[in-house]
Amino acid sequence: MLPGREGKEHTVTALISDQVASLIEDGIRLAQEAQALPPFPVPHVGVERPRQTAHGDYATPVCLQLTEEARMAPRAIATRVIEYLPTASFLGKVDVAGPGYINVTLDSSWVARQTRAILETGDKWGHVDLGSGDCVQVEFVSANPTGPITVGSTRNAVIGDVLASVLDAADFVVEREYYVNDAGSQVRKFGESLYARYAQALGEEEPFPGDGYLGGYVVDMAAEFARQVGHSYLKMDRQEAIQALGERGIECVLGQARADLAALRVSFDTWFRERSLYDSGLFDRLLQKLRKDGYVTEREGAVWFTSPDLEEDAVLIRSPQVISNPEERPTYLASDVAYVWNKLMERGFDRAIYVWGADHHGDVPRVRAATKALGLDPDRVEIILYQMVNLKRGTEDVRMSKRAGEFVTLREMIDEVGPDPIRFLLLTRTVDATIDFDLDLAVEQSEKNPVYYVQYAHARICSILRYAAEQGWDPDHEGDVALLTHESEQALIRKMLELPEIVAYAAEQRAPHRLTFYAQELAAQFHAFYRDCRVVAEEDAERTRARLMLVRAARTTLAQVLGLLGVTAPERM
RNA sequence: GCCCCAGUAGCUCAACUGGAUAGAGCAUCGGACUUCUAAUCCGAGGGCUGCAGGUUCAAGUCCUGCCUGGGGUACCA
C-alpha cells in the first residue's frame with residue numbers, strides 16, 4: 001500500500017531564490033502601476049547564483065530580456081525596478097550591474113540570524129516543499145537474480161538510493177523498489193547451470209549447458225545445495241528439478257543481494273516479482289486491451305506491439321517459440337507493459353522513476369509508447385539513464401564479463417573499499433558521464449580523495465565542540481549570533497543557506513551528484529572559517545558562544561548533506 | 001547504416017538548462033603547524049570549451065554537418 005500523504009510534515013519555508021524572484025516580479029508590477037515602466041506582461045524572473053561573490057548572493061538578467069517590450073535600455077529598466085522593489089527582511093544591497101543585471105546581496109545581520117534558524121530546524125534543515133506529497137516510486141538496481149551484484153549495479157544502487165532520499169527531502173512520498181526479473185529465460189539458464197553443477201557436485205556426469213553461467217559462485221551454490229538436500233533433486237523429473245533449483249538459486253541470490261546492498265546502506269521497501277504480472281493475469285488482460293485498441297498485430301504466429309509513436313518497426317511482445325513452451329514467458333516489453341500499469345494504475349503512484357544503465361536506452365521509446373498505448377500519461381514515467389563504470393586499479397583496467405563469471409562484485413568492493421568512498425565517488429559525476437572507478441584511489445586516505453576531505457571537516461567540527469566542552473563551555477548555550485560578522489563567518493553561513501536550493505535542484509533535475517559538489521564546497525568554506533576565526537577563546541566569552549552556535553549549525557548542515565548521500569559523518573578521524 | 005552519451009586547464013570533472021571576466025580538485029612550483037585535528041590552509045602558472053557553419057542583445061549550453069571515444073541495435077533484461 002502507498003504510504004499516506006497526510007503523514008508528511010511541512011516544516012520548510014520558501015526558497016530564498018523564489019522569494020527574490022517574486023520580489024522582483026512585484027517590483028516590475030509596481031513600477032508599471034506607477035507608470036515608471038510601460039505596460040507589458042510580467043515575465044518569469046529567473047534568479048541565479050552569480051559565479052563571482054562580488055556580484056552578490058543572487059542575480060537576475062531579466063531586464064536584459066525586456067528591452068524590446070519596454071523599449072528601454074536594460075540598465076534603465078533595472079533602475080526603475082529597484083526603485084519600486086518592496087522591502088524584505090533578508091534584503092541587503094540591491095543594485096544594477098554590468099549590462100543590466102539586478103544583483104541582490106543578503107542582509108548580513110539577517111544572514112547571521114539564520115544560524116539560529118538552522119539549529120532550530122535541525123534534521124529537517126535542507127528539506128524543501130517541492131513535491132507536495134506526490135507519491136513517486138524509484139525503481140532501481142533490479143539486476144538479474146542470477147548472480148552477485150556487480151559494479152554497474154552499484155552505481156545504479158547509489159544513484160537510485162540518493163535520488164530517493166533527495167526526493168524524500170523535497171517532500172515527495174517515496175518508495176524504493178527492486179524489480180526481480182524472475183520470469184525470463186536467463187532464469188531458466190541459471191537453473192540449468194545450477195542443475196549441472198549440482199549433479200557434478202554429487203559425482204554425476206552432467207554436461208554443462210553451452211550458454212550457462214560459468215561463475216564459480218554457481219559451483220559453490222550448487223555444492224551447498226547438494227550438502228543441504230543430498231540427491232533429492234536428481235530423483236525428481238529433470239525439468240521440475242531445473243525449475244526448483246532455479247527458484248532456490250534466486251532466493252539465495254536475492255538473500256545475498258539484500259545483504260550486500262544493506263552493507264552499502266541501500267534498502268528497499270518492495271521487492272517486486274516480475275512473475276506476479278503473469279500469475280495475476282494482468283498481462284493477459286492488458287494484451288486484450290491493447291489488441292482491442294489496435295496496438296497489436298500478429299504475423300507468423302508472433303504477437304507484436306505497434307504504435308504510431310514508434311518510428312521503428314513493431315516490437316515483439318510474444319513469440320511463437322514462447323507460446324509452444326509454457327515455461328517460457330513473453331518478451332521483456334510484455335513485462336514492461338504490465339509493470340508500468342501495475343505501478344501507475346494498480347498501485348497509483350503519481351510518478352514512476354526507473355534507473356537504467358545506458359545500455360538499455362533503446363527501450364526507452366518503447367516503454368513510453370506502451371505507456372501511451374495503455375492510455376496513461378507517458379510523462380508520469382521517467383527513465384534515468386546512467387553511463388557505465390570502468391573499474392580500474394591505478395592505471396590498469398579491471399576487465400569483466402558476467403557470463404564468464406569474471407567480475408568484481410559489490411561485496412568485494414565493500415570489503416576492499418567500504419561504503420563511504422563507493423557512495424561518494426560514484427556520485428561525483430553526472431549520470432551522463434562514464435566513471436573510471438579507481439579501487440586504489442578509493443581506499444587512499446589522501447587529498448586526492450574528496451570523501452575524506454568532507455568527512456574531515458565534520459570530524460574537525462566535532463573536535464572543536466569536544467574541546468569547548470573540555471574547557472567548560474556549555475555547547476548548547478545560546479549566544480548572540482549578531483556577532484557573526486566576520487567575512488569567513490558570513491561566507492560559511494551563506495554557503496549553509498544554499499542547502500535547500502541544492503536539494504531542490506537535485507530533486508527537480510534528478511541530479512544527485514550536486515550533493516557531493518556542494519558537500520565539498522561547504523567543507524571548504526568551513527576550513528576557511530577555521531583558518532580565520534578562533535572559536536574557543538577564553539578572553540571573549542560572547543564571541544565564543546556565538547561561534548559555537550555557528551559551528552553547531554555547520555555540523556548540522558554537513559551532517560544533513562552526508563545523510564542524504566548515505567555517507568557517515570565521523571566524529572573523529 | 002541508424003539511435004543514445006561524452007568531448008571544457010597536463011589529468012579527472014563542474015558550470016544553477018541561454019547570461020557578467022568559463023570554475024573546482026588533482027598534478028607542478030612556492031609558502032603556512034609552540035595555537036580548537038596540517039586528512040588543512042594561502043599564493044602562482046595553466047583555456048580558440050573537438051572542428052566548421054547557423055540562430056540572437058547574449059552560446060560551453062540551442063540547430064545543422066563533420067571528427068574522436070564509449071554504449072546500443074530489438075524474443076537476455
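Within every chain, numbering begins at 1; the chains are lettered A, B, ... in the order of the sequence lines, protein sequences first and strands thereafter. What's counted below: heavy atoms across the whole structure, side chains too, no hydrogens, waters or symmetry copies.
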Closest listed nucleotide, where the reference is the side chain of [X] and the choices are [options]:
X: A/Thr430; options: B/A15, B/A39, B/G71; result: B/A15
X: A/Ala433; options: B/A6, B/A14, B/G72; result: B/A14
X: A/Gln387; options: B/C36, B/C16, B/G70; result: B/G70
X: A/Asn103; options: B/U35, B/U40, B/A20; result: B/A20
X: A/Val536; options: B/A39, B/A15, B/C36; result: B/C36
X: A/Asp363; options: B/G60, B/A77, B/A74; result: B/A77
X: A/Tyr452; options: B/A39, B/U40, B/A77; result: B/A39
X: A/His361; options: B/C3, B/A38, B/A22; result: B/C3
X: A/Gln186; options: B/A22, B/A39, B/C76; result: B/C76
X: A/Asn144; options: B/A39, B/A6, B/A77; result: B/A77

Let me know the distance between [atom1] of [X] and [atom2] of [N], rounded to the nearest Å.
X: A/Gln52; N: B/C16; atom1: CD; atom2: C1'; result: 16 Å
X: A/Glu68; N: B/A58; atom1: CD; atom2: C1'; result: 14 Å
X: A/Ile502; N: B/U17; atom1: CD1; atom2: P; result: 12 Å
X: A/Phe272; N: B/A77; atom1: CZ; atom2: P; result: 16 Å
X: A/Gln520; N: B/C13; atom1: CD; atom2: P; result: 14 Å
X: A/His527; N: B/A24; atom1: NE2; atom2: P; result: 16 Å
X: A/Tyr354; N: B/C4; atom1: OH; atom2: P; result: 21 Å
X: A/Glu538; N: B/C36; atom1: CD; atom2: C1'; result: 12 Å

Considering Watson-Crick and G-U wobble pairs with both distances under 3.5 Å, what does [N] pair with?
N: B/G46; result: none
N: B/G7; result: B/C67
N: B/C13; result: B/G23
N: B/U61; result: none
N: B/C2; result: B/G72
N: B/C41; result: B/G31
N: B/C36; result: none

Check whether any side-chain N or O of [X] sits under 4.0 Å from OP1 or OP2 of [N], and answer yes or no.
X: A/Tyr530; N: B/A38; value: yes
X: A/His458; N: B/U40; value: no
X: A/Arg429; N: B/U12; value: no
X: A/Thr434; N: B/G71; value: no
X: A/Tyr467; N: B/C36; value: no
X: A/Tyr453; N: B/C41; value: yes

Q) Who are the ring pair (Phe, Tyr, Trp, His ring centres under 6.0 Å) partners of A/Phe268, not counting sequence neighbours? A) A/Phe140, A/Tyr178, A/Trp271
Q | Contact nearer the 5' end of RNA chain B, comparing A/Leu465 with A/His55 | A | A/His55
Q: By nearest nucleotide on RNA chain B, pick out whichever of A/Ala524 and A/Tyr179 is the more 5' one.
A: A/Ala524
What's the gap between [N] and [M] when it is taken at their [atom1] atoms, as a whole Å value?
N: B/G43; M: B/G23; atom1: P; answer: 15 Å
N: B/G70; M: B/C62; atom1: C1'; answer: 24 Å
N: B/A27; M: B/C13; atom1: C1'; answer: 14 Å
N: B/G46; M: B/C29; atom1: C1'; answer: 12 Å
N: B/G7; M: B/U12; atom1: C1'; answer: 14 Å
N: B/U49; M: B/U21; atom1: P; answer: 14 Å
N: B/C5; M: B/C42; atom1: P; answer: 38 Å
N: B/C41; M: B/U56; atom1: C1'; answer: 45 Å

Is the positively charged end of [X] above the ring of [Y], judged by distance under 6.0 angstrom from the centroid and angle within 45° of the axis?
X: A/Lys343; Y: A/Phe272; result: no
X: A/Arg49; Y: A/Tyr58; result: yes
X: A/Arg460; Y: A/Phe526; result: no
X: A/Arg155; Y: A/Tyr386; result: no

Q) Is the base of B/U17 syn or anti, where syn means the angle lies within 90° of 0? A) syn
Q | Syn/anti state of B/C63 by chi, 90° boundary around 0 | A | anti
Counting the atoms with a prime plus P, OP1 and OP2 as sugar-phosphate, which does [X] contact under 4.0 Å by heavy atoms, base, sugar-phosphate, or nothing?
X: A/Gln509; answer: base
X: A/Gln455; answer: nothing
X: A/Ser142; answer: nothing
X: A/Ser17; answer: nothing
X: A/Asp182; answer: nothing
X: A/Phe517; answer: sugar-phosphate
X: A/Cys533; answer: base
X: A/Ala528; answer: nothing

Q | Passing option when A/Phe283 is tested against A/Tyr339, A/Trp341, A/Tyr278 for ring-ring contact (aromatic ring centres under 6.0 Å, His included) | A | A/Tyr278
Q) Ion pair present between A/Arg275 and A/Glu247, side-chain N to carboxylate O less than 4.0 angstrom? A) yes
(Q) Check for me: is A/His360 stacked on B/A77 by the 5.5 Å centroid and 30° plane-angle rule? (A) no
Q) Crowded around A/Lys392 NZ? As in, over 12 foreign heavy atoms under 6.0 Å? A) yes
Q) If you measure from OG1 on A/Thr60 to CG on A/Asn103, what distance do you get to the nearest 0.5 Å? A) 9.5 Å
Q: Find out whether A/Ser153 and A/Leu410 are in side-chain contact, i.e. whether some heavy atom of one side chain is under 4.5 Å from a heavy atom of the other.
A: no
